[in-house]
Structures are given as C-alpha cells and as structure tokens.
Amino acid sequence: MAERLLQASRQRRVKAMTAAAGSAGLAGLPLLLCALLVPGGAYVLDDSDGLGREFDGIGAVSGGGATSRLLVNYPEPYRSQILDYLFKPNFGASLHILKVEIGGDGQTTDGTEPSHMHYALDENYFRGYEWWLMKEAKKRNPDIILMGLPWSFPGWLGKHYNWPYVNLQLTAYYVMTWIVGAKHYHDLDIDYIGIWNERSFDINYIKVLRRMLNYQGLDRVKIIASDNLWEPISASMLLDSELLEVIDVIGAHYPGTHTVKDAKLTKKKLWSSEDFSTLNNDAGAGCLGRILNQNYINGYMTATIAWNLVASYYEQLPYGRCGLMTAQEPWSGHYVVESPIWVSAHTTQFTQPGWYYLKTVGHLEKGGSYVALTDGLGNLTIIVETMSHKHSKCIRPFLPYFNVSHQFATFVLKGSFSEIPELQVWYTKLGRPSTRFLFKQLDSLWLLDSGGTFTLELQEDELFTLTTLTTGTKGSYPLPPKSRPFPRIYKDDFNVDYPFFSEAPNFADQTGVFEYFTNIEDPGEHRFTLRQVLNQRPITWAADAYSTISIIGDYKWSNLTVTCDVYIETPEKGGVFIAGRVNKGGILIRGARGVFFWIFANGTYRVTGDLAGWIIYALGHVDVTAKKWYTLTLIINGRFSSGMLNGQYVWTNIPVSFPKNGWAAIGTHSFEFAQFDNFHVEASS
C-alpha cells in the first residue's frame, strides 16, 4: 500500500511543489503548510498504541414521519438525480446508513405512513414508499446499511389500548413480518431493528423479539435500543444479563455529543441514532459538521443518523426544510442540494463502516475538533472542523457557549502513517457568499520532505478533510427546473388501474391512510377511487386527530373552489368532508383550523371552522345517506364561503375571517371507510 501511495504521489508531484499548496492564486482559500512549524497546537496522529472504536457509518432517516412523501412523485430525471445526491458513492452525501419508519398508520411528525398490516389478517408489502426508497438506495450502494423502526402501530395490536405491549408475541410477530416481507418481496436485508421510537421500551418485549427473530432464521438482524435517551436502557442492561446480550447497539436521540457512564459500562456500540433536525441552511450544516466529529470525540458514538434524509414534505408542516437537501416540488421538478449534503461528504466519501477511529482524536486548542480514521490497510482520513457557536446550533439540545478563533494547527503523522507521502485536501467554508466554498478540492499536500508534519491555518466555520483516498468527487447535474408554486388548477380522477405507489400524488395524509382503491361493485364512473382505509384508531405516537384528513396544494391559497365526489360507507354514523384554508398539519393536526364542509349518513350537514368540529358556522338537514355518491363543492372567497351538494347551494356567504390561507383537504368524520373521486381544486389566489 505504501509503495502504491508513493508512486501515485510522485506522479502528481508537479502539483505539490509549493509548500503553500492550495493557496496560490486562490484568494480567500486557507493556507496549508508542510514542515513549517508555527506557534499553536501540535496534534499527533498515531496508531502505535492501537486503534479506537470501530466506525459504523453516517446515515439519515426517512420517516418519522412521511418526510419522503413528495419525493416519489418527482418526474425523471430529477428523482434519480436527488437519489444520486443522497446515496451514490463518491458523488454527494454518499450515505452509509438508511433508517426508515416501519409505517404504523399513525401521525409521526409530518404525516402518516401506511402499515403493511392495517388489520389482523391483512398483509401488503407494497404500501407506501419506504420499500421503493430502500431499493433505490441499494441500487446505488449495495453495501448501505438498512434499519427499521416503528413510530406508531396499527390499532389491532393494542386490543383497544393505546399500547403496543399488550401482547408481546403479537407485536414481535408484526415487526418480524416486516423484516421477512422486505426480503421476500423486495430482496432487502434489514440489518438493524428498533423497538419504539422515543417511547417506552418493554424489557420482556425486547427478549421476545430476539427469540422470534432467531426462530425465523434472522439471527443476523441486530437490535438497537431504545431510540430515546441513554437511560434507563443502559442501567437496565447492566442489571439484566439477558437484556445486555440481546441488545447490540444503544441508540440515543439528540445526545448533544455526550453519553453517560452506564452506556459506556455496557461495552456496547453507542450510536446517535437520531440527530440534526435542523433547518438545512449553513447554520444547520454547521450543526452537522460539529456533531459528526464531536459525537465520537465527546461521546464515543460510532454512528450518527440525521433526521431527516430529504425534506420532501410541504414546507409549512412542522420542521420544514430539516432534511439534508430539499425536494418539495414534484410538480415543478425543482430541488436544492443544500450545504448539509456536502458537510456529510467530508466524512462519508472518505470512510466506510468497518474503518476504525484513531485513539488520537480531540479538540483543537482554540476551538473546533479533529478526528482521524483508518481502514487498517494504510489509508488515513482526517476531518477537522472549526464550527462556531453562533453558526452550529442544532435544534436541540441547548448548546453551551464556546469560542472558536483563528489558529494554526500542526499535525504530526506517526506510527504506520509516518511514511504517507501525500494527502488529498477537501475544503468547506460556511457563511457569507463572498467567502463561501462547499466541498472544494484543493491541491494535495506533499509530505515526503516534511517528516509527516503539516500545518493548517484555520478560521472559524471551516471543514477540512485530508485523506489518502483519491476517489472523492463533488457530483453535479445541470440545474433543475426553477421553483414554481403548486398548480392553481389541479384535478385527479384516481383512474389508475395498477398504481406503482399506494397513495395518490401530492396528497399528504395527516390522520388516517388514503389509498388507491378498485371499487369492483361499481364498474362505471367510480370504479377507481381514493379510499380512507383505517377502521380503528392506531396506537399513536403523536396527537392524531379524531377525524382522518389528507391535505394537498399550496399553503398560500386563500380564494379557492374545491369539488370532490364522496361516498360514505358507514350507515347512520358515517361522515365525510372537504376543506380549504387548512392551516395546520403534522403533529399539530388536531388543532387545525380552516373551512370544513361535512355531510353525514344520518342526513345532516355541518360547516365548521376547525377539524375538531368545535367552531360551528352552520348546520342543517340534507338528503344524504350511506352507500351513494354525492358531489360536494366548497367555495371560499375573501371573508365568505358557500357550499353545494350535487350542484345545489346548501349554504351561502357564511363569514370566515380566520385563517386567511391554507391547504385544501379531504377526510372522514372518524376512523371509517369512505371513498373520494374526481377531486378538483381551482385557486385564484
């Protein structure tokens, strides 16, 4: 390996004749010096005394929930380009790990994701988009690590309790079928399985799950717990030898780069199994750059998984644009490769799971940090970050103040690294556009004549990667189409005989699950419809509404007409609605305001100012029953609204002063079957 590195270095020596490689002719770029010792810290990188912990990778979460909802609707080639920026090795973020939500039919932050088992005797391994996403990730990187974690669970598992541990065997069976289905139907090997995202764990359930996995021949699937805080899972493991044995990884969320004593005493792998959750501007990139290094330095965490993978949900939902990149406009094809993609690349493109951290990692004298990793075969990657406090605050937890200032940092390569002749250099500078660089390759550092010593001049908010690997690339595509708002005129008749995805484009379910449906009882106009398919409340993770609802459109819409054919399936108690100006979604859906036009199977109608039905604008009787199709029309114009049933006005000019704007929506009165067809919205502003 050393001879090959030496030969490659000599071939490129012409590029590296200057001791100030990377600075000549590039005003504003950092100064890199070989063998020139200056005042400041000196940091030894040495493997003579062995290595640190094994590196397990950098990844991201799709789900928790519905964060990739709009991605599947992107036209080609833009959808494939987005996927390349996320997963393609040596191109963009080049992620090592993909963690997905095991859909459980409940609201899990920005929407609901469908379960593979809505009901006890129901199994369908083609619902939702996580199967598709995992296959696309594997297509680009066959070595990517796959993880599954439930947020919510279908209601039948709880037997009328909002609790997944009523029958431990049944819940373990449910999770096991998801793993088996991934392999059987999609040839996907799930590597890690979690317990219940950020909620209580049950010690006996974890043991039952391990036994069931082993019984099914899934010994290779590892268990990570508890996707919450370090405690009480760590202490529980120390007190229970069987629990300690069956858990492979302790996963904590938003650990603030620190761990606890008990977690270290378990001698298990420690992961930040959900982190980041921060707006994907340069401050968010600074947050990511800091934690990718310091999660290991401060907390011995060998994997960091960012929530979320890609911001592919309506931006006004909770935590808008908190993905590594943004892809929230399938109707235009527009997407943005945000700076967290390139911050990730500083680590992901120059390491792999199975590499090892050096023991010699730590903090810089004047702020910032450095880590170094090796594959044990002669390759070395060093990542240096100087993220300032102001520009690296994550959404949580609180970040104590620290100072970063201009400094010279001298690194000395010892042990097996002392003969490395050359290091490739990649550089990022976050901040003002005039001085901003994202993942820029500088001239390589020539080390043969320097005794393995080099010095970096460091300013705040910088990232350096210095590596023996020559495979790094800043991938690029032609600019995508320009951003455009959601079409003001939008129609969907749901006439799809064999849908590739179970959900209609652009509808974002916020409570309940709406799926394409073939209505075999109606061979005519309503043969293909959109159906709300949950008949009981799921085991919830968040505050799901008591009515089901799916939103669509432009949050800025104010004046609009919504028309939809509706079909109530439940006699007497059933009901459906169409709505406009819906102003809340995600975990806030229960408090959504708007204008809601309801009809009920008992022959009544209602107009409300909220999804919960507390604010009543009008009510009365109409000729409506179950098992018949009706056409509802809602007209909102300025401060007034009107509604029609089958083309006849039911109510007119009811004052609606709040909210001023919001999405269009459809839904049902409760968790009940109902169908929708020929959806049509026209917005004038």
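Every heavy atom of this structure was used, including side-chain atoms; hydrogens, water molecules and symmetry mates were not.
N228 and S226 are not linked by any side-chain donor-acceptor pair at a separation below 3.5 angstrom, with hydrogens and angles left out of the test. At a cut-off of 3.5 Å, with distance as the only test, a side-chain donor of T631 or D565 sits close to an acceptor on the other residue. No hydrogens or angles considered: nothing links the side chains of N124 and H116 as a donor-acceptor pair under 3.5 Å. Between H253 and E198, the side chains place a donor N or O and an acceptor N or O closer than 3.5 Å (distance only, hydrogens not considered). Side-chain atoms of D493 and N678 include no donor-acceptor pair closer than 3.5 Å. A side-chain donor-acceptor contact under 3.5 Å links H118 and E515. No side-chain N or O of T304 forms a donor-acceptor pair with one of D275 less than 3.5 Å apart. Side chains of W614 and T608: no donor on one and acceptor on the other come within 3.5 Å. Checking N519 against Q675 by side-chain atom types alone, a donor-acceptor pair falls below 3.5 Å. In this model, a donor atom of one side chain and an acceptor atom of the other lie less than 3.5 Å apart for S277 and Y254.
Nearest heavy-atom pair, I305 versus S273, reported as atom, atom and distance to 0.1 Å: CB-O, 3.7 Å. Closest approach of N162 to I539, counting heavy atoms only: OD1-CA, 3.1 Å. Across every non-hydrogen atom of D191 and I145, the tightest pair is OD2-CA, 3.5 Å. Minimum interatomic distance between F676 and C564 (heavy atoms only, all atoms of both residues): CB-SG, 3.9 Å. In plain terms, the two heavy atoms of A601 and I568 that are nearest each other are N-CD1, 3.7 Å.
Side-chain atoms of D509 and E503, non-hydrogen and from C-beta on, do get closer than 4.5 Å to each other. Looking at I224 and W271, their side chains come closer than 4.5 Å, going by heavy atoms from C-beta outward. At a threshold of 4.5 Å between non-hydrogen side-chain atoms, the residues N506 and P330 count as touching. For the pair F494/Y516, a side-chain contact is recorded, criterion being any heavy-atom separation below 4.5 Å from C-beta on. Two residues are said to be in side-chain contact when any heavy atoms from C-beta on lie closer than 4.5 Å; I144 and K138 meet this criterion. A heavy-atom distance below 4.5 Å is not found between the side chains of L530 and F679. Within the 4.5 Å cutoff, side-chain heavy atoms of Y185 are placed close to those of F126. P114 is not listed as a side-chain neighbour of F514, based on a closest heavy-atom distance of 4.5 Å or more.
Across L149, L146, L209, L218, a single residue satisfies side-chain contact (heavy atoms from CB on, under 4.5 Å) together with I193, and that is L209. With respect to S62, the side chain to side chain donor-acceptor pair (under 3.5 Å) criterion is satisfied by exactly one of E130, E101, E113: E130.
Note: W663 and Y314 have tilted aromatic rings, judged against thresholds of 30 and 60 degrees for the angle between ring planes. Between Y165 and W163, the ring planes are perpendicular. Angles over 60° get that label, and only those under 30° would be called parallel. A perpendicular orientation is assigned to the rings of W156 and Y174, their planes being inclined by more than 60° (bins at 30° and 60°).
One finds a salt bridge joining E569 and R531 here, because a Lys/Arg side-chain nitrogen approaches an Asp/Glu carboxylate oxygen to under 4.0 Å. Looking at D122 and R127, a side-chain N of the basic residue comes within less than 4.0 Å of a carboxylate O on the acidic one, giving a salt bridge. We find that D227 and R199 are not joined by a salt bridge, their nearest charged nitrogen and carboxylate oxygen being 4.0 Å or further apart.
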Run the numbers on S550 and Q510 for side chain to side chain donor-acceptor pair (under 3.5 Å), then give the verdict. CA-CA 5 Å; S550 188; Q510 301 301 307; over 6 Å; no

Full working for ring pair (Phe, Tyr, Trp, His ring centres under 6.0 Å) between W307 and F276: CA-CA 6 Å; W307 188 91; F276 182 58; 8.9 Å; no

Take Y205 and F201 through the test ring pair (Phe, Tyr, Trp, His ring centres under 6.0 Å) and record every step on the way to the result. CA-CA 8 Å; Y205 167 72; F201 63 89; over 10 Å; no

Audit row: Y125, H184, ring pair (Phe, Tyr, Trp, His ring centres under 6.0 Å) steps and yes/no: CA-CA 9 Å; Y125 297 92; H184 182 76; 8.3 Å; no

Take W230 and D262 through the test side-chain contact (heavy atoms from CB on, under 4.5 Å) and record every step on the way to the result. CA-CA 8 Å; W230 292 117; D262 281 353; over 6 Å; no

Just do the side chain to side chain donor-acceptor pair (under 3.5 Å) check on S152 and T540 with the steps written out, would you? CA-CA 5 Å; S152 65; T540 57; over 6 Å; no

Show your working on side-chain contact (heavy atoms from CB on, under 4.5 Å) between V249 and K222 and close with a plain yes or no. CA-CA 8 Å; V249 176; K222 296 182 171 67; 5.6 Å; no

Show the numbers, then the answer: is there a side-chain contact (heavy atoms from CB on, under 4.5 Å) between L534 and T548? CA-CA 9 Å; L534 300 191; T548 73; 5.7 Å; no

Step by step, work out the side-chain contact (heavy atoms from CB on, under 4.5 Å) result for W557 and R581. CA-CA 7 Å; W557 281 348; R581 293 187 184 174; over 6 Å; no

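Residues passing the side-chain contact (heavy atoms from CB on, under 4.5 Å) test with L239: none are found, sequence neighbours excluded. Scored by the side-chain contact (heavy atoms from CB on, under 4.5 Å) test, A543 finds R590 as partners (sequence neighbours excluded).
Of the possible polar contacts, none joining the E315 side chain to the Q328 backbone as a donor-acceptor pair under 3.5 Å is found. Here the side chain of K627 pairs no donor or acceptor atom with the backbone of T570 at under 3.5 angstrom.
Both the sub-6.0 Å distance and the 45° axial angle are not jointly satisfied by R69 relative to the ring of Y313. A cation-pi arrangement is present between R537 and Y546, with the terminal nitrogen or guanidinium carbon under 6.0 Å from the aromatic centre and inside a 45° cone about the axis.
Open room surrounds OH on Y319; 12 or fewer heavy atoms of other groups in view lie less than 6.0 Å from it. The environment of CD in E231 is crowded: more than 12 heavy-atom neighbours from other residues, nucleotides or ligands sit within 6.0 Å. Counting heavy atoms of neighbouring residues, nucleotides and ligands inside a 6.0 Å radius, atom NZ of K573 does not exceed 12 of them. Crowding of K135 atom NZ: a count of heavy atoms from other residues, nucleotides or ligands under 6.0 Å exceeding 12. No more than 12 heavy atoms of other residues, nucleotides or ligands sit less than 6.0 Å from atom OH of Y161.
With rounding to the nearest 0.5 angstrom, the CG atom of L70 is 10.5 Å from the CG atom of D110. Note: I549 CD1 to D544 CG = 12.0 Å, rounded to the nearest 0.5 Å.
For F597 and W651, the ring centers are positioned less than 6.0 Å apart.
The stretch residues 208-217 participates, sequence neighbours left out, in these side-chain hydrogen bond (donor to acceptor under 3.5 Å, both in side chains) pairs: R210-N214, R211-E242.
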